[in-house]
There are 2 protein chains.
Amino acid sequence: MSSTINDVAKLAGVSRQTVSRVINNLPLVKPETVLEVQKAIALLDYHPNAVARNLAIKTVKTVGLFMPFDVEQVRQNMFFSTISATICHYYAKQDFVLQLFTSPDDRNYSELFKKLYREKRVGGLILTCPSVNNEDVMELLAAKIPFVIIGRPGLELEQINYVDVDNVKAAYLAVQRMLELGHRKICLLNAPSSMTLAVDIRKGAEEAYREANMPIGNLSEMHIDLTLKSAYEATLHVLSKDDRPTAFVTADDLIVLGIKKATDHLNLSIPTDLSVISVIKNGWADLLPMPLTYIDASFEDLGTRSAQFMLKTISEPEKKHMMQKKLKPELILGGTCARVAMPV
Amino acid sequence: MSSTINDVAKLAGVSRQTVSRVINNLPLVKPETVLEVQKAIALLDYHPNAVARNLAIKTVKTVGLFMPFDVEQVRQNMFFSTISATICHYYAKQDFVLQLFTSPDDRNYSELFKKLYREKRVGGLILTCPSVNNEDVMELLAAKIPFVIIGRPGLELEQINYVDVDNVKAAYLAVQRMLELGHRKICLLNAPSSMTLAVDIRKGAEEAYREANMPIGNLSEMHIDLTLKSAYEATLHVLSKDDRPTAFVTADDLIVLGIKKATDHLNLSIPTDLSVISVIKNGWADLLPMPLTYIDASFEDLGTRSAQFMLKTISEPEKKHMMQKKLKPELILGGTCARVAMPV
DNA sequence: TTGTAAGCGTTATCAG
DNA sequence: CTGATAACGCTTACAA
């Protein structure tokens, strides 16, 4: 058996309360006593039992990260890796810890979350969209479970905490750039319509058209799965039409790979025949032969901020913590965009 | 505050021991009493406190998954996602839980592991190669910390538990196939030499040459980072030589993408001018225009088996659990291999 | 500055 | 079958 606080106390010739004070760096302990205790701790190779501590302080320094995970949805994986690794790194310095959860077979998420929280397995949750729907969120709120969403929640309530990239702005920047370059017929290869991301991208694109006083009828849109295959097929379909668009704005850089595959097949070239900007860059773009023009936002920030928020929320439950943050994205010029050949 | 076992006991009019029996499905409880207790549990929305339980049973049903993580090493990410998601899925059905750890800044892994275990934050560890070196492993063994390695450990000791793909066999299959197709000059685009994977691939390749009675001098090898860039550069370098190989055997399918990029650049085509087989398929191959010929092994199995092993080890600490498993890989024919144009 | 006593919410032991 | 009573290892009053 490993040694306990009692063993240390006995060896150091003090009470266990004094040992507790020392390991928690509380003041009011005579320096000599501290040394004595530390010596005993080192001698016994004592490590405070986190389980017992959690029971005593009635706090669980564990954050659950929930991500809907489907091996086929490769884009998610990139996001998944980045977010989880970032949170891990952040918590490594604190004594918090990350627990991973992916979609169970049944979809009753809020029940699962409530169970985890009630059983004191997690002190709070970081949820990624679209792992939760509005009812789940309402249930979590009702159950007073601390949580934060990465992404924009479907509901606009001030009690709902989240961090997201300002995707409206991102799409606005992308489309604005295309319009500046003389493109008029722009096609949005957008995320599945169930995602708030898709709604935001549409909104930003429309804003850009409106601001430029362009007829919004020229803006076309397709909702596709975030997979190479559906991007490829969608591109072939769109480009086979008579009045094909001269520019694509995509929800993800994996889609750009699909577009590239399609243009290669059709003997078209980027950016000469077709301009492309991606609203999100997940890492796929490195596989392109040319640098991608895209809208940059820090996913690391998403992870760090959510991790920090949960840490504060759990550590200081008496305070009301709030966060409704939209990170500002930025246009990064690459080589997949060009002035339109013949402006309409 | 949420309700405790005492509240349930009081409401059901029994002792808390009886409640404990009911929630743990122990026999020797009168059916009527069970019903009474269950009613109380439902009424109070009672959830047993896992922290208190762990303290009482002195067992931590938490497994730490440690992966060295570097955003640049993209290959790892694919592996990372697959393994962690698989383990999560497996544990979701049990009441075990996965805690994620990625490389901290300092490299003193065994210290970290010992701390986590002593502090009862984890009941055991799943380690992925090459997150640990031989000294770390010896320290874990000495400290009697339950752990299992995904990958082949550098040391051959029967106390060290692991699951791995039989990469010797995998490389053997790949090279054997190339030899059958008439290739003689084969180049191994191998993993970094620090990885046991690299050693195994080399070994399997040599076995295939030996068995075919081919001069091993025709087998060349390069150790490269598992990144697109280094694969691209290595390929350009290898193909610029006078007696260029007619076939590549790679440690990963991301490397194949690098080869493809290089052959595109050199106006060579796969498989006409160059045959390629990958010893590992992580998911990148979907981005190729043709199906990849590769050696298949189930990463899901790696995750499930290690998860299961740790579960048993933690749940039944009295027994000695052992696992030294090498999964058998299999050749999957795709379109990146052809009979050599002019056999030497 | 230090020690004592009383929890935290379970499970284990042993008697009934 | 059921119920006291004592752990489990730590923290938090409160007392000295």
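Model, not experiment: these values are computed from the prediction. Below, chain A is the first sequence line, B the second, and so on; all start at residue 1.
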For a 4.5 angstrom cut-off between non-hydrogen side-chain atoms, does [X] reach [Y]?
| X | Y | result |
| --- | --- | --- |
| Asp95(A) | Glu119(B) | no |
| Leu311(A) | Gln308(A) | no |
| Val51(B) | Leu55(B) | no |

Salt bridge between Arg118(B) and Asp45(A), side-chain N to carboxylate O under 4.0 Å?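 The answer is yes: the pair qualifies as a salt bridge.
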
Would you kindly give the [atom1]-to-[atom2] distance between [X] and [N], to the nearest whole Å?
| X | N | atom1 | atom2 | answer |
| --- | --- | --- | --- | --- |
| Asp95(A) | dC10(D) | CG | P | 15 Å |
| Lys58(A) | dG7(C) | NZ | P | 12 Å |
| Leu55(B) | dA6(D) | CG | P | 18 Å |
| Asn6(B) | dT5(D) | CG | P | 14 Å |
| Arg118(A) | dT10(C) | CZ | P | 13 Å |
| Asn49(A) | dT10(C) | CG | C1' | 14 Å |
| Ile5(B) | dG7(C) | CD1 | P | 18 Å |
| Lys61(A) | dC8(C) | NZ | P | 20 Å |

Distances under 3.5 Å between protein N/O atoms and the N/O atoms of nucleotides 3-6 of chain C, please, pair by pair.
| residue | atom | partner | partner atom | Å |
| --- | --- | --- | --- | --- |
| dG3(C) | OP2 | Ser15(A) | N | 2.8 |
| dG3(C) | OP2 | Ser15(A) | OG | 3.2 |
| dG3(C) | OP2 | Thr18(A) | OG1 | 2.7 |
| dG3(C) | O6 | Arg21(A) | NH2 | 2.8 |

For Asn24(A), answer base if it contacts any base atom (sugar-phosphate contacts may also be present), sugar-phosphate if it contacts only those atoms, and nothing otherwise; contact means non-hydrogen atoms under 4.0 Å.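 Answer is sugar-phosphate: Asn24(A) comes under 4.0 Å of backbone atoms only.
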
Would you indicate what Ile57(B) reaches in the nucleic acid, counting non-hydrogen atoms under 4.0 angstrom: base, sugar-phosphate, or nothing?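 Ile57(B): backbone/sugar contact only, no base atoms under 4.0 Å.
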
When the axes are fitted on five pairs at both termini, how much does the helix from dT1(C)-dA16(D) to dG16(C)-dC1(D) curve, in 10° steps?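 Inter-axis angle at the ends, rounded: 40°.
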
Would you please confirm or rule out a distance under 4.0 Å between OP1 or OP2 of dC8(C) and any side-chain N or O of Thr4(B)?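 Result: no.
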
Has Ser20(A) got a side-chain N or O lying under 4.0 Å from the OP1 or OP2 atom of dT12(D)?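 Answer is no, no contact under 4.0 Å.
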
Pairs of donor and acceptor atoms involving the side chains of residues 150-161 of chain B, under 3.5 Å and at least two apart or interchain, shall be tabulated with distances.
| residue | atom | partner | partner atom | Å |
| --- | --- | --- | --- | --- |
| Arg152(B) | NE | Asp200(B) | OD1 | 3.0 |
| Arg152(B) | NE | Asp200(B) | OD2 | 3.0 |
| Arg152(B) | NH2 | Asp200(B) | OD1 | 2.8 |
| Asn161(B) | OD1 | Met323(B) | N | 2.8 |

Any chance NZ of Lys10(A) has more than 12 other-residue heavy atoms, nucleotides or ligands included, within less than 6.0 Å?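 Incorrect, the count does not exceed 12.
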
Set of ring pair (Phe, Tyr, Trp, His ring centres under 6.0 Å) partners for Tyr91(B), sequence neighbours left out: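 For Tyr91(B), the residues satisfying ring pair (Phe, Tyr, Trp, His ring centres under 6.0 Å) (neighbours in sequence not counted) are Phe96(B).
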
Of the nucleotides dT11(C), dT2(C), dC10(D), which one has an atom closest to the side chain of Ile23(B)?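 Closest nucleotide among those given: dT11(C).
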
Taking the nucleotide of DNA chain D with the closest heavy atom to each, which residue, Tyr46(A) or Pro31(B), is nearer the 5' end?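 Looking at the nearest nucleotide for each, Pro31(B) comes out on the 5' side.
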
Would you list the pairs meeting salt bridge (Lys or Arg N to Asp or Glu O under 4.0 Å) in which at least one residue belongs to residues 16-27 of chain A, sequence neighbours left out?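 Salt bridge (Lys or Arg N to Asp or Glu O under 4.0 Å) check on residues 16-27 of chain A returns no pairs.
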
Is there any salt bridge (Lys or Arg N to Asp or Glu O under 4.0 Å) pair reaching into residues 302-318 of chain A, and which pairs are they, with sequence neighbours excluded?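 As it turns out, the salt bridge (Lys or Arg N to Asp or Glu O under 4.0 Å) pairs with a partner in residues 302-318 of chain A, which skip direct neighbours, are Asp301(A)-Arg305(A), Glu316(A)-Lys319(A).
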
